[in-house]
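What follows is a set of notes on a single structure, which appears directly below.
Quantities reported herein were computed from a predicted structural model and do not represent experimental measurements. Just so you know, these numbers use all the heavy atoms, side chains as well, and skip hydrogens, waters and symmetry mates. When a ligand or atom number is given, it counts from 1 through the structure's own listing order.
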Amino acid sequence: MSNARAYSAASAKSPLTAAQIKRRDLTDYDVQIEILFCGICHSDVHSVRDEWNRTVPTTYPIVPGHEIVGRVTKVGPSVKKFKPGDLAAVGCLVDSDGSCPHCKAGHEQFCSNMTLTFNSPDKHLGGVTYGGYSENIVVDERFVLRVPSNLDLAGTAPLLCAGITTYSPMRHWNVTKGKKVGVVGLGGLGHMGVKFAHALGAHVVVFTTSPGKKEDALRLGAQEVVVSRNAAEMRKHHDSFDFILDAVSAHHDINAYLDLLRPDGNITLVGAPAKHLEFSAFSLIMGRRSLSGSLIGGIAETQEMLDFCGAHNITADVEIIPIQKVNEAYERLLKSDVKYRFAINMESLKA
Ligand code: NAP
Ligand code: ZN
């Protein structure tokens, strides 16, 4: 075992502060990564504050962070894909059983024995797993991703969660040229959704509660922007969308969006507000519309997404911060005040 510098929270009401954690010795199949950048996902905030306690209660202390990019420092003797010095990335998953039908289908995110990067039982050290707000991490090579060499590293970190979480449902629901696609909530996930829908050739409409984000939405690839609090603007899009991605982090009314879908249209929730949402049966019945959800994506699809980003030169728009600003960043995230993802420069842990 080795010690690593990290930032952790001791309770739902505590700020994140400097801490020392243990990392395991490498198994034959493990890769040790020095973390260069870690994105701040809204899920980090939900977890640190135990907002999802009804479904995924938080075990303290918690070290969040699942948008990890870094450099390989050591590999176990059986590792084939990586060598010291390589760039590498880790997302929300660090293990799964590998033998269930979901794992065999490449959907490790549905495995009932999956291990999340943080706040999951740690099979090696006991306790729970610790995430990317840390100087290094040790991960089985099956869960370590390759980083295209042309991409900016800070902007690549958010691809590991915000990227795959928006790419996967767009591929599943066949977002292509000629489709009309809505993205609700221009945050970390939403802005990646806009970039992917645009790159896939769709006509993209952003729904935002922040009128000040209008110009950015157009720059990111949207053709139209609707301020969702304006009912008249919303009505103009009635019965017209093939697909809508809802990436809102807080409680909101989804019925307004169901009515914007055309027959057989789908709205997929990726945002995970703690409180239950309500929907009108009639909005679904009329036009055989569907409402679904989506959780990150499997490992092979995450690599496919990174390679797609490499080919299309897509990264997240990031504001780079030192780890010492993380609590302030959480407060700003809650006010939708980030353009459009915070990325922590892990070098700052040494300060
Ligand atoms: P974020 O950066 O905070 O973005 C959320 C956006 O939602 C905000 O920028 C804002 O956009 C909108 N919003 C916030 N409060 C709102 C309200 N009261 N009413 C309407 N809109 C509101 O968060 P994120 O990191 O993108 O994450 C979004 C959600 O996805 C979180 O719940 C997170 O836990 C979840 N998530 C799910 C998965 C998955 O696998 N399904 C993966 C990662 C994250 P505007 O300013 O444009 O309105
Ligand atoms: Zn996330």
Using distance alone, decide if ligand 1 has a nitrogen or oxygen within less than 3.5 Å of any nitrogen or oxygen in H252.
no
Would V270 count as a polar contact of ligand 1, with the cut-off being nitrogen or oxygen pairs under 3.5 Å?
yes
For F118 together with Y130, are the ring centres under 6.0 Å from each other?
no
Taking 4.0 Å as the limit for heavy-atom contacts, which would you say applies to S228 with ligand 1: side chain only, backbone only, both, or neither?
neither
Looking at every heavy atom in both D239 and P263, which two are closest together, and how far apart are they?
OD1-CD, 3.2 Å
Let's go through E67 and R341 carefully: what are the C-alpha distance in whole Å and the side-chain angles of both, what is the deciding distance for salt bridge (charged side-chain N to carboxylate O under 4.0 Å, His left out) to 0.1 Å, and is it a yes or a no?
CA-CA 11 Å; E67 295 186 335; R341 197 58 142 187; 2.8 Å; yes
What do you reckon, are the aromatic ring centroids of F342 and F37 less than 6.0 Å apart?
no
Quick one: which ligand 1 atoms are inside 4.0 Å of a heavy atom on T208?
45 (P), 46 (O), 47 (O), 48 (O)
Once you measure the plane-to-plane angle for W173 and F243, does it fall in the parallel (<30°), tilted (30-60°) or perpendicular (>60°) bin?
parallel
Does the residue W52 have a heavy-atom contact with ligand 1, meaning some pair of atoms that are separated by less than 4.0 Å?
yes
If you measure every N or O of L186 against every N or O of ligand 1, does any of those distances drop under 3.5 Å?
yes
So, is V338 polar-close to ligand 1, with some N/O to N/O distance under 3.5 Å?
no
Can you name the closest pair of heavy atoms from A343 and A154 and give their distance?
CB-O, 3.9 Å
Taking side chain as C-beta onward, heavy atoms only, is I321 less than 4.5 Å from I40?
yes
If I compare all heavy atoms of P64 with all of Y330, which pair ends up nearest, and what's the gap?
CG-OH, 3.7 Å
Close-contact set for ligand 1 against L189 heavy atoms, below 4.0 Å:
24 (P), 25 (O), 26 (O), 27 (O), 30 (O), 36 (N), 43 (C), 44 (C)
To 10°, measure the NE2(H66)-the Zn ion (ligand 2)-SG(C41) angle for me.
120°
Ligand 1 contact on C161 by region, counting heavy-atom pairs under 4.0 Å
side chain
Tell me whether the Zn ion (ligand 2) has H42 as a neighbour, meaning an N, O or S atom of it below 2.8 Å.
no
Checking D317 against K339 for the salt bridge (charged side-chain N to carboxylate O under 4.0 Å, His left out) test, could you report, in this order, the C-alpha distance in whole Å, the side-chain angles of both residues, the deciding distance, and whether it holds?
CA-CA 6 Å; D317 287 20; K339 291 184 171 175; over 6 Å; no
Option with minimal heavy-atom separation from atom 38 (C) of ligand 1, where the choices are D253, T165, I40
T165
Heavy-atom count check: over 12 atoms from other residues, nucleotides or ligands less than 6.0 Å from R219 CZ?
yes
G188, any N or O under 3.5 Å of ligand 1 N or O
yes
Tested for salt bridge (Lys or Arg N to Asp or Glu O under 4.0 Å) against D242, the lone hit among K180, K177, R262, R289 is R262
Within reach of ligand 1, part of V248 (heavy-atom separation under 4.0 Å)
both
The one among R229, H46, R341 that brings a heavy atom closest to atom 32 (O) of ligand 1:
H46
Heavy-atom contacts under 4.0 Å between C92 and ligand 1: side chain, backbone, both, or neither?
neither
Below 3.5 angstrom, do we get any N/O pair linking Y340 and ligand 1?
no
